[in-house]
Amino acid sequence: MTLQIALRHRFAGFVLDVAFEAPAGVTVLFGRSGSGKTTVINAVAGLLRPDQGRITADDVVLLDTKAGTNLPPHRRRIGYVFQDARLFPHLTVRQNLLYGRWFAPKGAAAVELGRIVDLLGIGALLNRRPGALSGGEKQRVAIGRAILSNPRLLALDEPLAALDEARKAEILPYLERLRDELRLPILYVSHAISEVARLATTVVLMEAGRVTAAGPTAAILSDPVTAPLLGLREAGAILLATVVAQDDDGLTRLVCAAGPLWLPRVAAPVGASLRVRILAQDVMLATTRPIGISALNVLSTTVRDVRMGDGPGALVQLEAGDEMLLARVTRRSVDALGLAAGQPVFAVLKAVSVAQENVGATG
Amino acid sequence: MTLQIALRHRFAGFVLDVAFEAPAGVTVLFGRSGSGKTTVINAVAGLLRPDQGRITADDVVLLDTKAGTNLPPHRRRIGYVFQDARLFPHLTVRQNLLYGRWFAPKGAAAVELGRIVDLLGIGALLNRRPGALSGGEKQRVAIGRAILSNPRLLALDEPLAALDEARKAEILPYLERLRDELRLPILYVSHAISEVARLATTVVLMEAGRVTAAGPTAAILSDPVTAPLLGLREAGAILLATVVAQDDDGLTRLVCAAGPLWLPRVAAPVGASLRVRILAQDVMLATTRPIGISALNVLSTTVRDVRMGDGPGALVQLEAGDEMLLARVTRRSVDALGLAAGQPVFAVLKAVSVAQENVGATG
Amino acid sequence: MADWLTPDEWRAVALSLRVSFWATLVSLPLGVMVAYALARWDFWGKQVLNGIVHLPLILPPVVTGYLLLVTFGRKGTVGLYLDQWFGIVFAFRWTGAALAAGIMAFPLMVRAIRLAIEAVDPRLEQAAGTLGASRPWVFATVTLPLILPGIIAGAILAFAKAMGEFGATITFVSNIPGQTQTMPSAIYALLQVPGGDAQAARLVWIAIAIAMSALLLSEWVARAVARRISGT
Amino acid sequence: MADWLTPDEWRAVALSLRVSFWATLVSLPLGVMVAYALARWDFWGKQVLNGIVHLPLILPPVVTGYLLLVTFGRKGTVGLYLDQWFGIVFAFRWTGAALAAGIMAFPLMVRAIRLAIEAVDPRLEQAAGTLGASRPWVFATVTLPLILPGIIAGAILAFAKAMGEFGATITFVSNIPGQTQTMPSAIYALLQVPGGDAQAARLVWIAIAIAMSALLLSEWVARAVARRISGT
Amino acid sequence: AASMKTALDAVAADFQAATGHGVIISYGASNALAKQIIEGAPADIFVSAAVNWMDEVEKAGQVVDGTRRDLFGNALVLVAHGKDAAAVAIGPGFDLAGLLGDGKLAMAMVDSVPAGQYGKEALESLGIWSAVEGAVAQSENVRAALTLVSTGEAPYGIVYATDAVSDDNVTVVGTFPADSHKPIVYPGALLTGAADDADRAFFEALSLDAGDAKFVEQGFVILN
Ligand SMILES: Nc1ncnc2c1ncn2[C@@H]1O[C@H](COP(=O)(O)OP(=O)(O)OP(=O)(O)O)[C@@H](O)[C@H]1O
Ligand SMILES: Nc1ncnc2c1ncn2[C@@H]1O[C@H](COP(=O)(O)OP(=O)(O)OP(=O)(O)O)[C@@H](O)[C@H]1O
Ligand SMILES: [Mg+2]
Ligand SMILES: [Mg+2]
């Protein structure tokens, strides 16, 4: 399903004017606080009627201000996890979770309550009321409620912001599965670039009510122009890799265009194809193949571009076959190693640098 | 000011039983969702009367259930940033910000409104009402409101969770200054270890209503036992370093017990003493001093301890003078390099690996 | 009890209970609807409706009674047709007393419910909408449970008012023992009689006892509901 | 206007306005206090207070008037001392009419304000507390502004009720043209005379017009307040 | 007329005991009852405290021809608060105003309620109305006026003799001369809605000796 969104709306002192396409998969809206992300989602969900706009999901017109079409929220079937959880205070957690069930079309591929409850770790809360939940617990129930409503599209507004890393690490793969197995399109607002890199099929960068860049995740993340918009520390490229073997010492061996790659155990069968995000700052460059070091991965690449930053840093774009890699080094090192386009260099990467959250199924 | 906290409280299905000390500086409460962090802060702020407990701030008794003392919230003067912003809907942003002023003791060291407004980027919102703010904007106003109430202690419950990295990067140094200049003790709940490492003087790890570890940040973060509790990727040690020079190419030269250290420009004068957090996973080990590589920092250290993990990884504790460093490598590398206690190794660290947020003033 | 109450008094008590109960019960759904419309919709004539609802409060009860008499009386503009077409007669029946009580209590009921509706966070209703609930369902599953305390308050106000209603009732349906003589009418009649005070006082105490019981019950229910909502 | 209203009627209109205005204004602070106590505190005798507040609703107005007479009358238990010590006399004065109207309207006012108080999110009050506001300040700066719509609703209900109050007033302070003859009394008097209907109708229309204006004004104010709170 | 309750109830009880026919009596203000009858109230007999409201009912064609008659009469008295107030001589120009001092004179509404109308008429004919007009507290009905005197709120009041009978806190200090006001009569009539003999029988019973005795007991004057 592809979502086409074109909106124009003005609040006192704020103008939203966006147009973008959200193809199947996860589309992440990324932007600073107050840039208009929630406003966009509200319009998609039908909670805000924009001054002008047209929103279609494949050939269903959700909104067309010109034609006067405006599907009411309950007929849009968009599972919305609000930035503030908005649980129903008079219902128990279980009733909150099952609320959407009443209204879901019969026979739709149903997600099991038990499964979601386990995933979100809210089994002990089922008979409580929202008033007595912690901040993170509320947010988890809200996620469950949206998923269980059997929506045609999920809209998640910073769903994991209030959660600890461990819980995030459990929920993210599940969202991935929703994306892949149920082929549920997801609109996702997040400030955490690791979530973006891991989940996103498409990234939409917003700034002050406008879209400053939009496109496939790999392209946006490895583009030295857009990368700084995401925060320099989070710049990085996505490599496609295939699982070759699961070694005994807990490492997984993969192969990518630039050579072999060892990562801490990846829970994927041999032959599986994965997206591995490699942060620019985790990549060290060497002119000669280093020896006697702890880093396991040494990839042969060629410098394609060197972009000096304003500060002490530089972004080096590397080519390996038809894949791209980004490395962030100091300008001093660029000078010392004499890095220039066309020069072959070794990219050194520690196996442990690649976090679980940066390895995702291709989707 | 030292806060002494001892609490015992039971909700249906949840028992809180904690006792810890929060010395001057920032005390971070860290723990999974539902572990009781907010409950502790509520008790400190006087919003929850625990079944049993005693809370003192230096010699002021805020609560003593045995003695029947229970200072009402408004006499505790604790600037509380709630997990849900709780702005006053009938007041403008400006009135919200100034609300605490009315009640602050006269002549107390006042923080300027203009300063806070600029810092939080809410200048354009001053005449709006909270109903028309975005999630992050609300949270920023809530932070401003608490700081401007001239409290004797700040209690921040995940204040930055809804904010983008850029905004966080602006607010964190400010909180640091509050800690250091106004010598304002801060209780801080966070799921983001980078915030913990940067701000915390003391870390209190909570799990299911209990304190599992508590102590000075450096000790907790570099302890191979407690580090995994924080998330392995976030394990790391804190080095004390002194600024030696600000180089022309945007790098700052520091010196620490293990030798010279180059970092991207640190905004601190020559001679300043800093806390630099070095993540275990950013440290690469080499048996011989590597050459022709982009990493600028090569520190001479000695292996002190190698702790094999359950998975493919190992944590190597390194000694340099009387400072500690942690390195996270694969078990395979431990074997390949034959790492063992007492062996000298070079710790290789990219200058850019050390994020701004991991460099803080000593406090 | 039958000892110290004359059969007429006894009947007045029973009748008052019946009248108040039905007046409250029947007007409740209408009250909720009107309150919802006033709280949430903008429509032409909204303020007119609002005014009409408040009318019984503003007018001296006697006037309301007369208006009822000329409207719903046996020869009244509406009463005539209700009788001819549906065989419904209010005039000089206990149903008429209930009608009068219901109308007199209506503004109180509507205002209480309306205040409760206005206090419901519309964001919760929005959330219900995104989960697939249409307007009526949102109302039934979210708004209604959340305004329950207000509905209870409205109902108890209406019940109490119906128990005490006198002016409009006696004017509309007169004061016929066993048929339209409610407790207030009976008390009134007793007060007109030399030496009837003691008997009137007895009825007053009974009225107070009944209303207090209803009040306590409502407080208790409202508390239980509120506790459920606050989640403890 | 003076043309088509007799001086007595004219005085009745003015008196009704005065009585209703003061009845509402004076009972408002007390109403807020009682509503707050009922909504937020738990104290011994709470349900008794609650019952007493509702009493004027339950009792036939004549009874309330009679009780007022024996309490606040010149020789009444309280009235005697008010007169002796403070020189305050209610009997046969417009102040007595205001007292009667205020007491009759009190349950309506309290209920509206109480509902509004119960709808205030206590977490906002907590937040105010942490910012240094003591209980009374929290009330003045947070609770009070947030319940303003409820207070307005309570005031308009009370005003409307006061405009329509008849039974208790006439029983308590009788019907002295220019002093205690309010519009309802005047209307009642007119209705007693064959053929007085037309004149009564005129007064009824004036009463309606006044009450509607007050109602519209209150709606408008409440709307402005609500808009401020919702932040748009 | 509500003031007849005691006597009427007694007569009705006797009637039921004698004939087995129950009687349902609705007490209320004469004007309200009249309007209800005109609007179709299912009433068989109307007893009014005021001549004019009976006229209205008759005008509306609700009265069975020839059945209207004046049933009872009543007298107007001046009552004072207290058990043993001094009697006063009521005559033309007597000093009621001086008697009142700064107290009020409790009456039923002087322009609308029958007792008030008679009272005003009496005071006018005695030439003292203008002197006391400002001191008159008008009540909804005679009973309320009596209550004002009974509680001491007003030192004096003008009520029917029938009302003053049983109140221990008031003393009848004088009776208004019968010629100072129109005769106080309570007309009664059978209504067109009434059909059966029982109705007629009860209407007759009202004026039978037994019935009369009950009314006399209450201070009424029998007119038929
Ligand atoms: N009802 C409103 N009236 C006026 N301005 C509004 C209204 N709602 C939102 N805004 C403004 O529109 C802008 C965009 O708001 P939005 O909630 O979409 O931001 P966001 O990108 O979701 O931010 P955050 O990450 O902080 O949640 C903000 O500047 C906000 O102040
Ligand atoms: N009023 C209450 N009644 C019952 N249980 C409660 C109540 N308030 C909190 N709890 C429970 O107490 C536990 C601790 O709650 P608390 O809010 O302190 O967690 P937290 O550490 O702040 O979590 P989070 O990071 O999700 O905000 C949770 O399991 C919660 O469900
Ligand atoms: Mg938002
Ligand atoms: Mg919490």
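Numbered from 1 within each chain, the chains take letters A, B, ... in sequence-line order. Remember, it's a predicted structure, so these values are computed and weren't measured experimentally.
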Checklist entry - Which bit of E/Ala137 comes within less than 4.5 Å of chain D, counting heavy atoms only: side chain, backbone, both or neither? => result both
Checklist entry - Is the side chain of D/Ser174 donor-acceptor paired with the backbone N or O of E/Gln138 at a distance under 3.5 Å, no angle test? => result yes
Item to check | Other residues, nucleotides, ligands: >12 heavy atoms within 6.0 Å of D/Tyr66 OH | outcome: no
Checklist entry - Non-hydrogen atoms of chain E under 4.5 Å away: do they reach the side chain of D/Gln181, the backbone, both or neither? => result neither
Item to check | Heavy atoms from other residues, nucleotides or ligands near NZ of E/Lys182 exceed 12 (cutoff 6.0 Å) | outcome: no
Checklist entry - Quick one: CZ on E/Arg143 to OG1 on D/Thr171, what's the gap to the nearest 0.5 Å? => result 13.0 Å
Checklist outcome for this item: CG (E/Leu148) and CZ (D/Phe92) are apart, to the nearest 0.5 Å, by 4.5 Å
Next on the checklist: So which residue, D/Leu190, D/Leu191, D/Val70, ends up with the most heavy-atom pairs under 4.5 Å with chain E?
Outcome noted: D/Leu191
Checklist entry - What part of E/Asp111 lies closer than 4.5 angstrom to a heavy atom of chain D: side chain, backbone, both or neither? => result backbone
Item to check | Interatomic spacing from CZ in D/Phe172 to CD in E/Glu153 - rounded to 0.5 Å | outcome: 7.0 Å
Checklist outcome for this item: If one checks every heavy atom of E/Glu56 against chain D at 4.5 Å, the contacting part turns out to be side chain
Checklist entry - For E/Trp129, does the CH2 atom sit with more than 12 other heavy atoms under 6.0 Å from it, leaving out its own atoms? => result yes
Checklist entry - Which pair of non-hydrogen atoms, one from D/Ser185 and one from E/Met109, has the smallest distance, and what is that distance? => result O-CE, 3.9 Å
